Amino acid sequence: MDIRAQVSMVFHLDKCIGCHTCSIACKNIWTDRKGTEYMWWNNVETKPGTGYPTTWEDQDKYKGGWVKDGDRLRLRLQGRTEGLGNIFFNPNLPTIDDYYEPWTYQYDELFNAPEGDDQPTARPISLITGKPMDIEAGPNWDDDLGGSPIYASNDVNLEKLTEHEREQLNEVERLVFFYLPRICNHCLNPSCVAACPSGAIYKRGEDGIVLISQEKCRAWRMCVSGCPYKKTYYNWATGKSEKCILCYPRLETGQAPACFHSCVGRIRYLGLLLYDADRIQETALADEADLVMAQRRIIQDPFDPLVIHAAKANGITDQQIAAAQNSPSYKFVKKWGIALPLHPEFRTLPMLFYVPPMLPVLGKMKDGIYDSSAVEGMGQMLNSLEKARIPVRYMASLFSAGNEEIIREVYRKNIAVRLFKRAQRVKDISAAEAQEALEIGKTTAEEAEAIFNLTSLPTMEERFVIPAFAREEAIEQSLDPYTHKPAAGFGYREAPARRW
Amino acid sequence: MTGDQSSGHCKRRHFLRIAFRRVPLAYVVAAAAFAMIPAYVTGAAQADQGSTVFATKCAACHTIGKGKSVGPDLKGITTTEDPGWLARWIAAPSALVKAGDPTAMRLVKQYPLQMPDLGLSSGDVDAVLAYVAQQSGSARAHVKGPLAPVAAPPPGDAGVGRELFVGGARFHNGGPPCMSCHSISGIGALGGGTLGPDLTDAYRKYGGDAGLASFLTSVPTPTMSAVWSKQPMTPQEIANLTGFVKEGAVSERPLGAIGKLALLAVIALVIIVLIGALYWRRRLLGVRIPLVARANMLFNRKYARRS
Ligand code: SF4
Ligand code: SF4
């Protein structure tokens, strides 16, 4: 047993209101520099939709992640020889147009334009060429199903649906969407790290945050192709790749990352997980249907004395163990089992988990008026899975590598919590019915209460359980902490120069 | 032509030091010269040493009283030219050429080959001058053994010479094929190496059979002597090569060859570019633009059908 600590995240999609506050918080802190204008380390996508960059989930095109090859894992991108052949000419990159061409506006013309008959306008100016441009796309161009015949209907996950199911999604009365905020998953088995020919990407030992060294990066951009989530980006001004750093300078000082801190819907949770690093390979090699369960299995019980002992032997501090015991991620992912990894079939073992959104059921129209009574009653609620406007299969394609049973389980439990609370508060459901729902959802009154509390009424301290990172201990083998402290930060110590 | 040669020469100067260090013969001569100076101060003794130097270093291109070869006939040169100038010229011709010395420039213009820097010590220079003076005095006085390599060369086979030149046959004593440093017309479109001069016109420049044979026997240039002094060519090989070089002088360099080569290069380039384009064809194929185009096309088709 090789117990390590991982900062892990949970996004509760039922609560996301699609306000993009998280993206803006991130942009203002990290990516408003030259060369990073097009990057959104945090972005919020509408599902169904093609996302950012366009159809990033399509690995036939982008070649991200791992493929199971017998009892071995292999990068989908390339082997060593192919990597050498492609090293000066990486063929699997998104173009700037697949992200979008970033722009600003000529605001000063609003004030400085000479007097005339027409209102002055602020023309859009490309942040890449500096010339006026026509805006054709943006990072959330298909927000709220905008342009859905183009974008939403090309969602890669729809391929798993039948023709009939797909048509239904386009019916006016059935149109439905939800938001999917995305950051780097700080994977346990990151393919960005494996794809880098320079060895510039590393996973921090003490917290599992995945970082790109701005000194070692040599601009091969294999990580951009290698990451199936397209969460590393190439900075064309510095010639280095960059990615979400999980605001580690904030974490190290006890603050939640900016996107977590600013989240309006309070959908974001962050806490430590203890996992067994010896089992990473076995987990990443699990059968497709078993991937989610395997990922739950690799996460260890922080109350188990054996695990605690092994953790201490690996230098994990008492504070970190206490944080892991208190971790909202541990509860959502392992204890309650209602948070799922995004696209586990990429086999990078992502450490960002999503509680899937409740699926709105199809209402009935009575004389042109929406009839809410049609969805009343427990039976209706539990049956709603079959009537959901987004098919379970779609959710399974997103969150369980196609295993629909896992999705059903999660939904049954979430519905049970709702019915349980409804019986308590609204009292239009009998206690017996609520009890039955709990049984169907394989949960108990206590657990339902706990889920409800952490979902709806959590305090800041419950959402973000951030231990002291003991960074000084982590670095002291290689660097005097007093030397490190005033010298650390984002960026490079030497200006990057091209040397031929 | 002259400019070419002097620049080639500058390059070769670089080899000089190395060549000098590597060639024991040069060492022996230089050391012997130094050792001899205090002991034999008389002209005769010097001339004796000079004969050795002349045979190994000068005879390939010069005669004393036997007429012009690659270089001028040296008979009486010690009386017609300023001895100081002569000494400087023999010691380092390239230095004088570089300095733009008028006599040196005239020589360079007049003769096909610029005299190479031979790496002679001042003792050698004095000795060889003494020897030339002595030989000039008695025009009939004949020179000792090695001085006459031209004596009845065996008849050469140009075909075998060609094989030796292009490396199809080995030199008996080892040594690289000529083609590794030289080019000549008549060995195909790609030609040979460019370290040494092109030998198409060498037969005329080096004074025909006798001149070439003596050049190849004594290999006076520093670069060549570094290569050949320890593994000399046999007289038969020299004759064969001379035969081939002689033919080379008359055989036309096929004009079409250059065109053919250029054509081959263009075809190869096109093939490489095509393979690259095929192999990397997926790169820079955007996703979004085709997506939008396809959706628009479908929409238009549907709309057109309905209306
Ligand atoms: S999500 Fe993050 S850690 Fe995982 S492969 Fe992509 S960049 Fe690497
Ligand atoms: S800030 Fe929170 S609620 Fe708003 S889009 Fe981001 S994740 Fe969703």
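The model shown is predicted, which means the values in this text are computed figures rather than measured ones. Scope of the values below: all heavy atoms of this structure, side chains included, with no hydrogens, waters or symmetry mates. Naming: A, B, ... by sequence-line order, numbering from 1 per chain.
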(message) Just to be sure I understand the criterion: a residue of residues 154-164 of chain A counts if one of its heavy atoms is under 4.5 Å from a heavy atom of chain B. Which ones qualify?
(response) A/N154
(request) Please examine the side chains of B/V287 and A/W56, heavy atoms only from C-beta on, and report whether any two atoms are closer than 4.5 Å. (result) no
(request) For chain A, find which of B/V292, B/L298, B/N296 contributes the most heavy-atom pairs closer than 4.5 angstrom. (result) B/V292
(message) For the interface with chain B, which of A/L93, A/N90, A/N92 has the highest count of heavy-atom pairs at distances below 4.5 Å?
(response) A/N90
(request) Apply the side chain to side chain contact (heavy atoms under 4.5 Å, CB included) test between B/R288 and each candidate in A/Y151, A/Y100, A/Y99; give the one that qualifies. (result) A/Y151
(message) Heavy-atom cut-off 4.5 Å, strictly under: side chain, backbone, both or neither for B/Y279 against chain A?
(response) side chain
(message) Using heavy-atom distances under 4.5 Å, tell me whether A/T50 contacts chain B through its side chain, its backbone, both, or neither.
(response) side chain
(request) Using a heavy-atom cutoff of under 4.5 Å, enumerate the residues of residues 123-148 of chain A that contact chain B, numbered in order, or state 'none'. (result) A/E136, A/A137
(message) So for A/N86, is it side chain, backbone, both, or neither that comes closer than 4.5 Å to the heavy atoms of chain B?
(response) both
(message) Testing the basics here: between B/A295 and A/P149, what is the closest heavy-atom pair and its distance to 0.1 Å?
(response) CB-O, 4.3 Å
(request) Go through the atoms of A/T95 and report whether side chain, backbone, both or neither lie under 4.5 Å from a heavy atom of chain B. (result) side chain
